[in-house]
K.L.:
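Following this message is one structure expressed as structure tokens.
Worth knowing before you read on, the calculation uses all heavy atoms, side chains too, and leaves out hydrogens, waters and symmetry mates.
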There are 4 protein chains.
Amino acid sequence: MRNIDTDKEQAIFQAALRLIQQEGFAGLKMSILAKEAQMAAGTIYLYFKSKEDLINRLYITLKRRSAKSFLKGYDPKAPFMEGFELIWQNFLDTNLANPEESAFLEQYYRSPYLDKTVQDEADQLVAPVFELLERGKRERLVKEAPTEMLVAQLTGFVAALTQLHASGGLTMTAAFKNAALAMAWDGVKR
Amino acid sequence: MRNIDTDKEQAIFQAALRLIQQEGFAGLKMSILAKEAQMAAGTIYLYFKSKEDLINRLYITLKRRSAKSFLKGYDPKAPFMEGFELIWQNFLDTNLANPEESAFLEQYYRSPYLDKTVQDEADQLVAPVFELLERGKRERLVKEAPTEMLVAQLTGFVAALTQLHASGGLTMTAAFKNAALAMAWDGVKR
Amino acid sequence: MRNIDTDKEQAIFQAALRLIQQEGFAGLKMSILAKEAQMAAGTIYLYFKSKEDLINRLYITLKRRSAKSFLKGYDPKAPFMEGFELIWQNFLDTNLANPEESAFLEQYYRSPYLDKTVQDEADQLVAPVFELLERGKRERLVKEAPTEMLVAQLTGFVAALTQLHASGGLTMTAAFKNAALAMAWDGVKR
Amino acid sequence: MRNIDTDKEQAIFQAALRLIQQEGFAGLKMSILAKEAQMAAGTIYLYFKSKEDLINRLYITLKRRSAKSFLKGYDPKAPFMEGFELIWQNFLDTNLANPEESAFLEQYYRSPYLDKTVQDEADQLVAPVFELLERGKRERLVKEAPTEMLVAQLTGFVAALTQLHASGGLTMTAAFKNAALAMAWDGVKR
DNA sequence: TATGAATGAGGGTTCATTCAT
DNA sequence: GATGAATGAACCCTCATTCAT
């Protein structure tokens with residue numbers, strides 16, 4: 001008997017990301033996905049109930065991975081500025097290093113597969129960032145604007161940078177990353 | 001003088017935007033579009049060669065309309081700060097007022113319909129913004145960062161705000177708009 | 001513009017019956033059905049929402065046609081014996097003349113497409129037969145057995161005869177039909 | 001002495017009958033069958049060459065079991081009436097007690113699995129009934145109708161009664177069984 | 001012998017596009 | 001020009017069967 005291969009799920013995820021980056025969400029055809037993941041079409045359905053299930057599980061997996069990555073080394077008790085810089089740098093690096101994931105996450109939001117419960121769970125993962133900014137406001141370091149707005153500037157900036165970088169419009173050197181950090185901080189600082 | 005053809009084209013464009021906002025890009029089925037635009041499916045093909053043609057022409061139309069809107073009243077010879085504030089405010093207002101267009105533009109970029117020549121023409125329309133920011137750098141008002149990066153922060157912020165606003169996450173009062181302007185300016189100013 | 005062709009529905013019904021008789025319920029593949037009905041696969045879906053819809057509407061159509069056929073000329077006020085003979089003869093003739101319909105009706109009952117509401121409506125159509133037999137019991141002409149049992153013998157007999165005839169096991173001459181009528185009547189008569 | 005192989009075969013047969021009764025012929029999926037029979041899907045293929053083979057062997061097995069059951073205690077040399085009553089009662093009881101088998105036999109006939117040789121062998125098993133009725137005709141006890149027609153009435157009646165009983169439409173008491181015997185006999189008697 | 005993961009042909013259905021009216 | 005019925009390629013998914021363990 002062939003043992004169930006947990007790597008198969010990962011192989012499907014990887015292939016799906018590749019296809020979505022290359023051809024967009026519309027390029028995710030189950031038969032092509034199977035070919036890309038080097039298996040038969042039916043095999044995908046041993047690991048995922050449907051295309052919808054595949055996309056939603058891919059989404060939450062990426063969101064979790066992303067959150068884990070940008071919160072790496074984050075200590076809520078460390079000074080505010082330290083936390084802000086760490087998360088910002090992690091977040092930018094994570095996004096630059098995984099442009100397919102960013103492409104997917106962006107498109108999921110507008111897709112017919114969007115699942116409210118999945119979305120809600122994903123929102124929880126970003127909570128620490130909201131808390132950090134609120135603390136920043138209390139410590140008089142951050143502008144007295146709605147937290148959503150502050151987050152909007154930070155994430156919007158990273159999203160735009162990632163897209164720019166992925167399309168070859170800008171190579172992100174260390175110097176540029178520092179410039180971006182300065183811009184991000186200047187935008188939200190008091 | 002009414003141009004009958006152009007009226008139909010506009011009806012199709014409007015219906016398409018409505019459907020895309022409601023159901024996403026995937027919700028744009030030609031037969032449903034025809035119903036929404038109150039005509040027969042075949043009629044669409046009298047005005048557009050194909051779905052691809054329809055989407056690309058919708059894209060460039062929206063881009064032109066958007067550029068015209070956010071450059072309204074803009075005088076390249078006026079002081080930098082005046083121009084910056086004008087464009088920013090126009091841009092934010094335009095996006096907030098037309099969330100369907102923003103939704104469409106965002107998705108077009110990742111769709112299989114994306115056409116390089118169309119995209120290039122669209123990029124030309126934003127040139128004045130690049131020129132303004134470069135002038136800002138020369139006048140020592142704006143940070144010495146790559147213009148693409150500066151633009152990324154500004155447009156990324158607006159895109160995120162628009163999405164937030166459209167999803168009901170934040171009501172944009174005049175005070176909030178001023179706060180956003182301040183944040184945007186602080187991000188790029190020297 | 002091509003006008004909607006109500007004959008198309010009939011063509012689909014006829015083709016479906018032919019296929020079901022030839023290959024059984026399992027032989028009803030939508031693509032083969034389209035070929036048999038001389039149209040494209042998609043066309044079927046202009047007239048029927050789904051395969052399930054097609055089968056249920058075919059069922060109720062056949063049931064109505066069958067009821068209309070075996071009640072043809074039936075007068076509830078005529079003497080019992082006259083009504084019994086008329087219905088029996090009509091019923092046998094109808095079944096012998098339309099073996100595909102009998103084959104279909106038989107298989108529908110055991111299929112996953114069976115719909116309770118449709119089935120209920122169909123049962124209503126046989127009501128006159130139940131009423132006739134009950135009247136027969138009141139007039140002391142028919143056995144004092146449950147009406148369901150009386151009907152079971154009559155319909156079971158016809159079903160078996162139809163199958164026999166369709167498979168070539170017995171050619172139904174006028175003499176044989178008379179013999180069958182005598183057997184049917186002897187079975188239920190007092 | 002337990003024959004392991006035959007045990008598995010029986011388990012598969014039982015499970016198949018259960019599934020067919022519950023969901024109809026279309027409900028017989030090999031993987032579900034395996035689960036119902038508490039074994040792996042591949043195991044079924046150690047005992048049956050294919051689904052077709054499984055169904056045909058199930059058919060002939062049931063037919064043999066049925067024939068053995070309704071001929072139990074039958075003595076071709078006993079008086080006609082005794083034989084007729086015995087077989088009729090056995091046949092009705094057998095069918096009422098095994099509605100899944102009846103459901104299966106009915107559907108097999110219309111299925112794409114029907115195999116002529118298997119069918120022929122099955123027909124042999126009913127030969128004693130034909131012989132009995134022919135003897136009845138010679139003894140002037142039974143109507144001078146084609147034997148196939150006589151059999152049609154008897155088996156059609158039992159099939160209809162079984163279905164009625166299985167669907168809950170009629171509870172078969174001893175009195176009702178006697179009434180059925182009377183009806184059956186009246187139908188064929190001279 | 002037994003397992004159950006893997007296969008892939010083939011099913012039902014959708015939808016961009018065509019074409020007869 | 002306008003219509004919408006008709007088309008058929010292509011999609012998602014199922015399931016009988018195989019095969020590595």
K.L.:
Where the side chain of D:Ala40 is defined as all heavy atoms beyond and including C-beta, which of F:dA2, F:dT7, E:dT3 is the nearest nucleotide?
P.N.:
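The answer is E:dT3, which lies nearest to the side chain.
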K.L.:
How far does OH of A:Tyr108 sit from CG of A:Leu114, to the nearest 0.5 angstrom?
P.N.:
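Reported value, rounded in 0.5 Å steps: 4.5 Å.
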K.L.:
For the atom pair OG (B:Ser66) and CG (B:Leu105), what is the distance rounded to the nearest 0.5 Å?
P.N.:
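The CG atom of B:Leu105 is 7.0 Å from OG of B:Ser66, to the nearest 0.5 Å.
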K.L.:
Between F:dA5 atom P and C:Met39 atom CE, what is the distance in whole Å?
P.N.:
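It is 14 Å, rounded to the nearest whole Å.
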K.L.:
Tell me the interatomic distance from B:Asp7, atom CG, to F:dA2, atom P, rounded to whole angstroms.
P.N.:
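Going from B:Asp7 (CG) to F:dA2 (P), I get 11 Å.
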K.L.:
Using atom names, set out every protein N or O paired with an N or O of nucleotides 12-14 of chain E below 3.5 Å, distance rounded to 0.1 Å.
P.N.:
unit_1, atom_1, unit_2, atom_2, d
E:dG12, OP1, C:Leu28, O, 3.4
E:dG12, OP1, C:Lys51, NZ, 2.7
E:dG12, OP2, C:Met30, N, 2.7
E:dT13, OP2, C:Tyr45, OH, 2.4
E:dT13, OP2, C:Lys51, N, 2.9
E:dT13, O5', C:Tyr45, OH, 3.3

K.L.:
How close or far is atom P of E:dG8 from atom CD of A:Gln38, stated in whole angstroms?
P.N.:
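To the nearest whole Å, that distance equals 13 Å.
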K.L.:
Under 3.5 Å, which donor-acceptor pairs do the side chains of residues 16-43 of chain A form with other protein atoms, sequence neighbours left out?
P.N.:
unit_1, atom_1, unit_2, atom_2, d
A:Arg18, NH1, A:Glu36, OE2, 2.7
A:Thr43, OG1, A:Ala40, O, 3.4

K.L.:
Can you tell me how far C1' of F:dT3 sits from CG of C:Leu46, to the nearest Å?
P.N.:
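Rounding to the nearest Å, CG of C:Leu46 and C1' of F:dT3 are 14 Å apart.
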K.L.:
Please identify each residue that fulfils ring-ring contact (aromatic ring centres under 6.0 Å, His included) with A:Phe13, with sequence neighbours left out.
P.N.:
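By the ring-ring contact (aromatic ring centres under 6.0 Å, His included) rule, A:Phe13 matches A:Phe48.
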K.L.:
I'd like to know if the side chain of C:Tyr59 pairs up with that of C:Gln119 as donor and acceptor (distance under 3.5 Å, no hydrogens or angles considered).
P.N.:
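Yes, because at least one side-chain N or O of C:Tyr59 sits under 3.5 Å from a partner of the opposite role on C:Gln119.
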K.L.:
To the nearest angstrom, how far is D:Phe48 atom CZ from F:dT18 atom P?
P.N.:
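It is 16 Å, rounded to the nearest whole Å.
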K.L.:
Charged N to carboxylate O below 4.0 Å: is that the case for A:Arg65 and A:Glu101?
P.N.:
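Counted as a salt bridge, because a side-chain N and a carboxylate O are separated by less than 4.0 Å.
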K.L.:
To the nearest Å, how far apart are A:Ile12 CD1 and E:dA6 P?
P.N.:
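Computing the A:Ile12:CD1 to E:dA6:P distance gives 9 Å.
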K.L.:
Does B:Tyr47 reach the side chain of B:Leu54, with side-chain heavy atoms less than 4.5 Å apart?
P.N.:
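No, their side chains stay 4.5 Å or more apart.
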K.L.:
Sequence neighbours left out, what pairs pass salt bridge (Lys or Arg N to Asp or Glu O under 4.0 Å) with at least one residue falling in residues 41-61 of chain B?
P.N.:
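Non-adjacent pairs meeting salt bridge (Lys or Arg N to Asp or Glu O under 4.0 Å): B:Glu9-B:Arg57, B:Asp53-B:Arg57.
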K.L.:
Can you name the side chain to side chain donor-acceptor pair (under 3.5 Å) partners of C:Glu100, sequence neighbours left out?
P.N.:
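Per chain and number, C:Glu100 pairs via side chain to side chain donor-acceptor pair (under 3.5 Å) with no residue.
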K.L.:
Just to be sure I understand: a Watson-Crick pair is purine N1 to pyrimidine N3 plus N6-O4 or O6-N4, both under 3.5 Å. Using that and G-U wobbles, which stems of three or more pairs involve DNA chain E?
P.N.:
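Stem list for DNA chain E: E:2-21 with F:2-21.
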K.L.:
I need the OH-P distance between D:Tyr47 and F:dA16, as an integer number of Å.
P.N.:
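Answer to the nearest Å: 20 Å.
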K.L.:
Strictly below 4.0 Å: does B:Lys35 bring a side-chain N or O up to OP1 or OP2 of F:dG4?
P.N.:
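No, outside the criterion.
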K.L.:
A:Glu23 CD to F:dC11 C1': how many Å, rounded?
P.N.:
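So the CD-C1' distance, A:Glu23 to F:dC11, works out to 16 Å.
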